[in-house]
Amino acid sequence: MKKVLHLFLVCSLLAAMGFMPQSDEAALLKKAGKIHDRVISVDTHTDTALEMIKPGKSHQEIQACPENLKAGRVDCCFYPIFVGQRALTDENRAKSYDYAIARMKGIRDYIAQNPSEMEVAYSVADIERCKKEGKLSFIMGLENGFPIGTDIGKLKDFYDLGTRIITLCHNYHNDICDSSQDSVTAYHGLSAYGKEVVKEMNRLGILVDISHASTETLIDCIQYSKAPVIASHSCVYSLKDIPRNLKDAEIYAIAANGGVIQVTSGRWALSRLPHPQVNISVFCDHVDYIKNLVGPQYVGIGTDFDGGGGMAQLEDASKMKYITVELLRRGWTEKELRMFWGGNILRVMRQVEKVAAEMNASK
Ligand SMILES: [Zn+2]
């Protein structure tokens with residue numbers, strides 16, 4: 001009995017001093033919430049748009065639905081339209097164009113139904129204003145440039161619908177470039193047409209995204225793009241050696257060019273550990289790896305929710321603030337967290353806007 005009383009007194013004392021694990025966790029969560037009040041948080045890759053416009057689909061089944069984004073304290077989410085790669089025929093190009101345009105209009109219509117809650121953002125200024133107004137903002141985009149086909153004029157059609165990012169390819173080469181997972185090397189990087197596409201993306205003000213692209217494509221993009229390029233959802237090859245992840249030299253190259261690597265959250269990219277063991281800590285190992293290699297100004301997050309993203313402790317977007325808790329535990333400062341959550345990607349987007357303005361002014 002005396003022992004129990006002693007333990008009780010020690011626990012009470014530790015709790016009062018803030019050393020109890022539970023109260024420690026609660027304090028970190030509170031601190032994380034306050035940081036999210038002050039910083040803009042951006043998720044640069046989800047496959048959620050397609051899920052949101054599926055008839056009869058409940059939002060409870062959708063990882064990055066607006067309700068979960070709000071609960072997780074995400075301010076801006078990229079809602080690109082994913083397009084699977086098909087054989088390079090004119091018929092398939094036309095079909096994929098019609099498919100992507102129809103779906104982009106569909107998700108825009110959904111967002112337009114709730115103007116007091118959410119908006120499509122066209123610029124960094126829009127994202128910042130929406131944060132101030134307490135609204136969610138969404139960036140339109142394409143995951144795979146296949147729908148542009150061989151007609152560069154189609155880029156403007158997507159730009160006019162709000163597209164501000166294009167992941168150049170998916171798992172196979174298209175008309176623009178080679179992919180990291182393809183057994184075929186079609187161009188050793190960007191095709192001649194792909195170089196023109198990158199130039200036109202620069203002129204319009206569309207982010208060049210090299211996730212899924214081959215190393216040679218990445219090198220070409222850095223050479224030919226007038227604005228920094230990003231990896232919207234990729235992880236570290238040294239921590240999981242799949243072709244889709246980024247080797248140290250690629251991370252250095254993106255950082256040296258002023259871009260950013262947005263770490264993704266799917267087990268497929270993070271680790272070979274059993275599912276239950278792949279958690280926020282494993283995700284943060286990738287984030288810390290990039291921070292230690294090139295600095296906190298070159299790392300962010302692109303979850304890939306609704307497209308294979310998510311893991312233990314981060315089952316959906318409502319849990320995003322727990323990443324902040326883990327990074328605080330690892331000693332990240334608020335300044336660094338501001339960069340991670342949005343400062344870095346917004347810096348790159350501002351640079352993309354600047355390059356577009358300069359190219360159009362000098363025409
Ligand atoms: Zn992807």
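Index from 1, following the sequence. Note: hydrogens, waters and symmetry copies are ignored here, and every other heavy atom, side chains too, is used.
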Spatial distance of atom [atom1] ([X]) from atom [atom2] ([Y]) [nearest 0.5 Å]:
| X | Y | atom1 | atom2 | result |
| --- | --- | --- | --- | --- |
| D285 | K240 | CG | NZ | 14.0 Å |
| Y122 | L161 | OH | CG | 8.0 Å |
| L190 | D175 | CG | CG | 12.5 Å |

Can Y97 and F158 be said to form a ring pair (Phe, Tyr, Trp, His ring centres under 6.0 Å), step by step? CA-CA 10 Å; Y97 172 83; F158 287 104; 5.6 Å; yes

Might you point out which heavy atoms bring [X] and [Y] nearest each other, and give the distance in Å?
| X | Y | result |
| --- | --- | --- |
| N344 | V299 | ND2-O, 2.9 Å |
| G145 | N174 | N-ND2, 3.8 Å |
| T44 | I345 | CG2-CG1, 3.7 Å |
| P80 | A49 | O-CB, 3.8 Å |
| I242 | Y237 | O-CD1, 3.2 Å |

Over 12 foreign heavy atoms within 6.0 Å of NZ, K321: yes

Looking at [X] and [Y], would you say the former's side chain and the latter's main chain have a donor-acceptor pair under 3.5 Å?
| X | Y | value |
| --- | --- | --- |
| D126 | V120 | no |
| S265 | T303 | yes |
| S180 | H212 | yes |
| R347 | M339 | no |
| S211 | S232 | yes |
| D220 | K195 | no |
| T46 | F78 | yes |

What is the ring orientation for H170 with F82, classed by angle as parallel under 30°, tilted 30 to 60°, or perpendicular over 60°? perpendicular

Can you tell whether the side chains of [X] and [Y] come within less than 4.0 Å, N to carboxylate O?
| X | Y | result |
| --- | --- | --- |
| D98 | K95 | no |
| E67 | K70 | no |
| R164 | E353 | no |
| K105 | D109 | no |
| R329 | E25 | yes |

Quick one: does [X]'s side chain get under 4.5 Å of [Y]'s, heavy atoms only?
| X | Y | result |
| --- | --- | --- |
| L327 | E336 | no |
| E51 | Q63 | no |
| E117 | I111 | no |

Apply the side chain to side chain contact (heavy atoms under 4.5 Å, CB included) test between E200 and each candidate in V198, L204, N202; give the one that qualifies. L204

side-chain contact (heavy atoms from CB on, under 4.5 Å) between F283 and M311, intermediate numbers included: CA-CA 9 Å; F283 170 85; M311 65 216 167; 3.4 Å; yes

